[in-house]
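To keep things clear, I will list the structure first and then write my remarks on it.
For the numbers below, each heavy atom of this structure counts, side chains included, while hydrogens, waters and symmetry mates do not. Count residues from 1 along the sequence.
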Amino acid sequence: LVVHVPIADADSSTPRPILDLIAAHQSFVLSGHENPDGDCLGAQVALYHLLHGLGKRVAIVNPDPLTRTYDFLARHTPFSSLRPGAPLPAAEVLVLLDCAWLSRLGKLGERFAAARNKIAVIDHHVGSERGDGSVAYVDHEAPATGSLVHDLWQALGRALTPPAAEGVMLSLVADTGWFRYSNTDARALKLAGQLVEAGVDACALYDRLHRRNQPDSVEILGTALIGARLRLDGRFGYACLDRALVERAARADFDTDVVMEPLRSLDRIEVVALFKERQDGAIKLSLRAKGGIDVHAIAAQLGGGGHKKAAGATLRLPIAQAITAVEQKVREALQAAGMSVGP
Ligand SMILES: [Mn+2]
């Protein structure tokens, strides 16, 4: 007797529906958002090795190739990215990690939409249970998507292999900022302990991720910081990377999020924004909150999303207008929180 549970009734807060999906299928393709970050890639590594160990066929296809920062993952995990004209690997199930909508995959999302795979979502972003997945495992409280993949290993009673442990650790350190952000809870630290016991060398991982920068990264950071500005009584700080600097950063594989750190370190600061001008002229906005301001709410008003303390949006405005629009939203949020915003 096979009982089919309607998807709408499946509880996305437990791993059960995803585990049933894994049991029922043989071939999987894993993907994630454009410009995949450490959480997205780490979660893919951990899920790749889980599925591979279960004897499934599995491939990772991302919108973008592995950048130099993450190239060390290729020593144990095969990554690929969309090449125009090349066919996608045939798979029964597409698993989206660290995002929930095909639209987050750019052109690759359109290709997957045409391929009509069954879609599963594993994610920790607000609202992802309403994404494109017909099956989802979503936990907003999870520190990283990688920790949700770790839950799958645990639920199946399997001990993490060293590559999978490295993947989960990468996810965890990426999304907790090496255990500095407010999502660093007992669960995150306990998991980190288990991963070190499973063979992860945390110091070596730090060096691989953050101590292999190219010489030009120093000047890119300096240029971005010289242009940084403080507004709203010192509670809002922002920096901009114009098209040329974005390109230079891409060439040097420079993690532009680093630009926000010195602003975030300021005593009075509440919200930090980074504006990056893309090749098509659109502005990629990143927002970070230090205290209680909900930057997800601000990003959502601008058509974006994310988390309470880290969110983003894409703005189709000239950069000066984008800054004005964001400053206005931040002003409103600060005022609603009863904070001074200066003259
Ligand atoms: Mn994440």
Side-chain angles (χ1 to χ4, degrees), residues 11-19 32 37-47 49-50 73 97-100 121-129 136-210 257 260-261 264-265 269-272 287-297 305-312:
D11 182 2
S12 64
S13 68
T14 81
R16 184 42 52 197
I18 291 274
L19 293 171
D37 60 0
D39 182 24
C40 184
L41 297 170
Q44 291 177 344
V45 167
L47 186 57
H49 289 279
L50 178 67
L73 297 173
L97 293 129
D98 204 38
C99 70
V121 162
I122 303 176
D123 193 14
H124 65 142
H125 290 90
V126 177
S128 286
E129 59 278 358
Y137 180 31
V138 176
D139 180 355
H140 309 157
E141 305 288 313
T145 298
S147 74
L148 297 176
V149 178
H150 175 259
D151 292 347
L152 301 184
W153 280 83
Q154 274 212 311
L156 291 169
R158 298 177 82 90
L160 271 88
T161 59
E166 182 175 73
V168 177
M169 189 68 160
L170 169 60
S171 284
L172 207 50
V173 300
D175 274 21
T176 64
W178 286 91
F179 311 107
R180 289 170 304 152
Y181 305 155
S182 61
N183 58 353
T184 305
D185 55 9
R187 178 178 170 184
L189 291 166
K190 230 176 265 174
L191 177 54
Q194 290 167 13
L195 296 170
V196 171
E197 274 171 357
V200 169
D201 183 340
C203 179
L205 181 61
Y206 188 92
D207 286 353
R208 282 188 167 122
L209 286 171
H210 305 294
D257 282 2
M260 290 186 279
E261 283 307 318
R264 223 167 167 172
S265 74
I269 212 84
E270 291 290 337
V271 177
V272 173
L287 288 169
R288 300 288 182 271
K290 201 169 79 177
I293 301 293
D294 180 356
V295 289
H296 172 261
H307 308 281
K308 246 185 118 176
K309 295 204 163 197

For [X] and [Y], which heavy atoms make the closest approach, and how far apart are they?
{"X": "A310", "Y": "V295", "answer": "N-CG2, 3.6 Å"}
{"X": "V121", "Y": "I18", "answer": "O-CD1, 3.9 Å"}
{"X": "P163", "Y": "H49", "answer": "CB-NE2, 3.6 Å"}
{"X": "S171", "Y": "A43", "answer": "OG-N, 3.1 Å"}
{"X": "M169", "Y": "V200", "answer": "CG-CG1, 3.6 Å"}
{"X": "G146", "Y": "D39", "answer": "N-OD1, 3.0 Å"}

Does any N or O in the side chain of [X] come within less than 3.5 Å of the main-chain N or O of [Y], such that one atom is a donor and the other an acceptor?
{"X": "W153", "Y": "A46", "answer": "yes"}
{"X": "K309", "Y": "G291", "answer": "yes"}
{"X": "S12", "Y": "Y137", "answer": "no"}
{"X": "N183", "Y": "D175", "answer": "yes"}

All ring pair (Phe, Tyr, Trp, His ring centres under 6.0 Å) counterparts of H124, not counting sequence neighbours
H307
With a 4.5 Å limit on heavy-atom distance, are the side chains of L97 and V149 in contact?
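They are in side-chain contact.
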Could you check whether any side-chain heavy atom of L50 comes within less than 4.5 Å of a side-chain heavy atom of R158, counting everything from C-beta outward?
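Heavy-atom side-chain distance check passes, below 4.5 Å.
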Should the pair R187 and F179 be classed as cation-pi, given the thresholds of under 6.0 Å to the six-membered ring centre and 45° from the axis?
no
Identify whether the distance between the nearest side-chain nitrogen and carboxylate oxygen of E166 and R208 falls below 4.0 Å.
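The answer is yes: the pair qualifies as a salt bridge.
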side-chain contact (heavy atoms from CB on, under 4.5 Å) between L287 and V272, intermediate numbers included:
CA-CA 6 Å; L287 288 169; V272 173; over 6 Å; no
side-chain hydrogen bond (donor to acceptor under 3.5 Å, both in side chains), paired with H140, selected from E129, H125, K308
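Checked E129, H125, K308 against H140; only one passes side-chain hydrogen bond (donor to acceptor under 3.5 Å, both in side chains): E129.
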Residues that V126 engages under side chain to side chain contact (heavy atoms under 4.5 Å, CB included), provided they are two or more places apart:
H296
Checking R180 against E261 for the salt bridge (Lys or Arg N to Asp or Glu O under 4.0 Å) test, could you report, in this order, the C-alpha distance in whole Å, the side-chain angles of both residues, the deciding distance, and whether it holds?
CA-CA 12 Å; R180 289 170 304 152; E261 283 307 318; 3.5 Å; yes
Output, in order, the C-alpha distance, side-chain angles, deciding distance and verdict of side-chain contact (heavy atoms from CB on, under 4.5 Å) for L170 and L73.
CA-CA 10 Å; L170 169 60; L73 297 173; 3.7 Å; yes
